Amino acid sequence: MLDPKLLRESPDIVRAAIAKKHLNVDLDAVLAIDAAWRTQLQEVEALRAKQKAANTAMAALPKGTPEFMAKVGEMKAVSGQVKEREVQLKEAEEKFRDAMLTVPNLAHASVPEGPTPEQNVVFSLHGAHDAPRPHAIPHWEIPGFDKIFDFARGAKVTGAGFPFYVADGARIVRALIQFFLDENVKAGYTEVNPPILVNAASATATSQLPDKEGQMYETVPDRLFAIPTAEVPLTNFFRDEIVEEAALPIYRCAYTPCFRREAGSYGKDVRGLNRLHQFDKVELVKWVHPTMSYIELDKLREDSERILRKLDLPYRVLLMCGGDLGFSQSKKYDLEVWSAGQKRWLEVSSCSNFEAFQARRAHIRYRAKDTGKPELVHTLNGSALAVPRVLAALLENNLEADGRVRIPAALVPYFGKEHLSFA
RNA sequence: GGAGAGAUGGCCGAGUGGUCUAAGGCGGCGGUUUGCUAAACCGCUGUAGGGGUUUAAAUCCCUACCGAGGGUUCGAAUCCCUCUCUCUCCGCCA
């Protein structure tokens with residue numbers, strides 16, 4: 001959520017920032033709702049002040065005296081009025097809150113202009129993605145692929161997009177998860193193993209609710225949600241809390257399975273390992289001092305990149321333009337790995353700075369040392385990394401003439417051998 | 001799942017309808033005293049929203065918050081209902 005005071009005092013700044021994101025928001029309507037709410041608030045508060053004053057006076061009177069009874073009669077009318085106006089105020093407040101939730105976060109000055117993904121800037125390019133790879137084919141066409149990534153049986157047991165990983169398929173997933181976790185811990189992140197079901201309050205704080213409800217699996221009858229990313233439980237760890245300034249920055253990482261209904265996806269995007277309903281991912285989350293969040297964003301991106309380089313995978317970094325930024329992000333980099341068989345880039349990480357936008361909604365603050373007052377932290381997150389797409393790129397880029405896949409040196413200690421077989 | 005007991009400020013803890021503006025203590029911050037430290041003494045102490053003043057901040061005024069949400073009442077930390085969580089015992093269980 002954006003700072004309501006910023007909107008009140010500098011609506012033009014907000015207007016310009018929304019234009020940069022190419023979103024359509026009726027700010028005048030939001031401002032009108034805000035003004036109406038504040039007027040009602042003042043009226044109700046004046047009534048309540050009157051009630052409190054009368055209450056103090058009555059406490060000093062002997063009960064049952066004529067003066068006392070007169071007061072009771074008088075305040076009965078006020079009481080009814082307060083109740084009526086409080087109901088209206090509550091409605092106005094909800095309207096105001098809902099209106100504020102339609103206002104997106106502001107794009108940072110360093111975000112490139114542009115309405116569509118075509119204006120994303122290639123920030124950097126690593127590795128020889130155009131090197132000739134004669135054996136490269138889409139990973140789902142590799143002979144034996146179905147044996148160790150068994151989509152058919154997964155569909156029978158659960159549904160499309162829930163594969164079984166078997167033998168070397170299971171082993172490579174486990175190796176990647178552990179490699180990612182170890183690398184992140186080495187980079188200073190504290191490992192966390194969070195709940196993978198969360199309640200509605202948590203899903204709301206990180207903006208999955210109310211709008212993206214249809215993207216999550218929901219349990220009955222407890223109304224718990226299967227997490228679409230570890231960002232949800234990780235970020236909510238400090239929800240409604242005040243941390244000490246000296247504790248910042250806080251770095252956390254977590255491996256979890258992630259669950260996404262992916263309603264509306266189709267075509268080549270969903271072939272093979274490209275897009276699954278259940279997949280494994282290691283996520284990074286940072287809580288930082290507001291003055292540091294852009295430096296921390298670059299460090300976060302670098303932490304994810306380092307892992308791709310250790311795996312010897314060609315990749316590129318995109319700096320997302322205003323129009324391709326999410327609703328709640330101020331700045332975002334995507335890491336895309338080259339998939340030699342499909343001859344396309346696959347997104348394996350998305351590193352974002354939310355500034356105070358997410359922290360305001362989740363009430364995550366730090367106590368400023370000099371003033372002693374609570375201030376909102378800045379939150380950031382990024383993947384390091386998403387397993388299936390890294391795996392897809394690995395299978396396609398490292399496929400050898402004998403039909404096996406060469407395991408990158410850094411991963412061999414985790415996988416336990418130098419080649420993956422489809423037998 | 002069953003039975004019982006609980007939830008009050010950073011922490012402990014008193015408070016069973018009206019100066020609660022929540023006692024008292026601990027902790028923390030500031031001060032006095034003081035070779036230093038400690039002790040003693042004095043003062044201060046949470047969060048959120050709104051208003052007013054201001055270049056701005058501080059100060060000031062109002063309101064809300066005693067696990068959450070409803071209700072009763074002129075008036076609720078206190079009475080009633082629902083829910084959540086914690087603890088003890090029983091049951092079940094990897």
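A note on names: the letters A, B, ... follow the listed sequences, proteins ahead of strands, and every chain is numbered from 1. This structure is a prediction, so every number in the text was calculated from the model and none was measured. Computation of the quantities below employed the complete heavy-atom set of this structure, encompassing side-chain atoms and omitting hydrogens, waters and symmetry-equivalent molecules.
- Distance A:E244 CD to B:rC11 P: 13 Å, rounded to the nearest Å.
- Around atom CZ of A:R97, no more than 12 heavy atoms belonging to other residues, nucleotides or ligands sit under 6.0 Å away.
- Distance, A:K63 NZ to B:rG75 P: 14 Å, rounded to whole Å.
- Rounded to a whole Å, the NZ atom of A:K83 is 5 Å from the P atom of B:rU72.
- What separates CG of A:L41 from C1' of B:rA64 is a distance of 9 Å, to the nearest Å.
- Regarding A:K373, its NZ atom lies at a distance of 20 Å from the P atom of B:rG28, rounded to whole Å.
- Taking side-chain N and O atoms only, A:R365 has no distance below 4.0 Å to OP1 or OP2 of B:rU47.
- What separates CD of A:Q81 from P of B:rC74 is a distance of 15 Å, to the nearest Å.
- Remark: P of B:rG49 and CD of A:Q42 are 15 Å apart, rounded to the nearest angstrom.
- Proximity of A:R38 to the phosphate of B:rG51: a side-chain N or O atom is located under 4.0 Å from OP1 or OP2.
- By the neighbour-count criterion of 12 heavy atoms within 6.0 Å, atom CZ of A:R15 is densely surrounded, having more than that number from other residues, nucleotides or ligands.
- Screening residues 205-216 of chain A for salt bridge (charged side-chain N to carboxylate O under 4.0 Å, His left out) gives A:E213-A:R223 as the qualifying pairs, with residues at least two apart or on separate chains.
- Distances shorter than 4.0 Å separate some side-chain N or O of A:R8 from OP1 or OP2 on B:rG50.
- Evaluation of atom-type donor-acceptor distances gives a pair under 3.5 Å for the side chain of A:E45 against the base of B:rG49.
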Bracket notation of RNA chain B in which parentheses pair within the strand, [ ] cross earlier pairs, and | pairs with another strand (Watson-Crick or G-U, under 3.5 Å): ((((((((.[[[..)..(.....]]]((((((.......))))))((((((........)))))).[[[[[..)....]]]]])))))))....
Using side-chain contact (heavy atoms from CB on, under 4.5 Å), reason through A:L411 and A:Q178 one step at a time and then give a plain yes or no. CA-CA 10 Å; A:L411 201 58; A:Q178 190 151 354; over 6 Å; no
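- Across B:rU72 and B:rC79, the matching C1' atoms stand 8 Å from one another, rounded to whole Å.
- When atom types are taken as modelled, the side chain of A:Q119 and the backbone of A:T116 share a donor-acceptor pair closer than 3.5 angstrom.
- Nearest to the side chain of A:S79, among B:rG75, B:rG51, B:rU47, sits B:rG75.
- Comparing B:rG18 with B:rC92, their P atoms sit 49 Å apart, to the nearest whole Å.
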Please lay out, stage by stage, how A:Y333 and A:D298 fare under the test side-chain hydrogen bond (donor to acceptor under 3.5 Å, both in side chains). CA-CA 9 Å; A:Y333 296 100; A:D298 286 334; 3.1 Å; yes
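- When the C1' atom of B:rG50 is taken as reference, atom CD of A:E9 falls 13 Å away, rounded to whole Å.
- Nearest to the side-chain atoms of A:P374 among the listed nucleotides B:rG51, B:rU63, B:rU47 stands B:rU47.
- Counting any heavy atom pair closer than 4.0 Å across all strands shown, A:K76 reaches sugar-phosphate atoms only and no base atom.
- Judged by distance alone, with hydrogens and angles left aside, the side-chain atoms of A:N236 form a donor-acceptor pair with the main-chain N or O of A:V232 at under 3.5 Å.
- Mapping A:V72 and A:A59 onto RNA chain B by nearest heavy atom places A:A59 at the nucleotide closer to the 5' end.
- Within 4.0 Å (heavy atoms only), A:K52 reaches sugar-phosphate atoms of the nucleic acid but no base atom.
- When heavy atoms are screened at a 4.0 angstrom cut-off, A:K50 is found touching no nucleic acid atom at all.
- Separation of the C1' atoms belonging to B:rA64 and B:rC20 is 15 Å when rounded to the nearest angstrom.
- RNA chain B is contacted by both A:K71 and A:I242; A:I242 maps to the nucleotide lying nearer its 5′ end (nearest heavy atom per residue).
- Counting only heavy atoms from C-beta on, A:R367 has its side chain closest to B:rU47 among B:rU47, B:rU63, B:rC74.
- Surrounding CG of A:D402 are more than 12 heavy atoms belonging to other residues, nucleotides or ligands, all under 6.0 Å away.
- The side chain of A:W37 approaches B:rG49 more closely than any other nucleotide in the set B:rC62, B:rG49, B:rG75.
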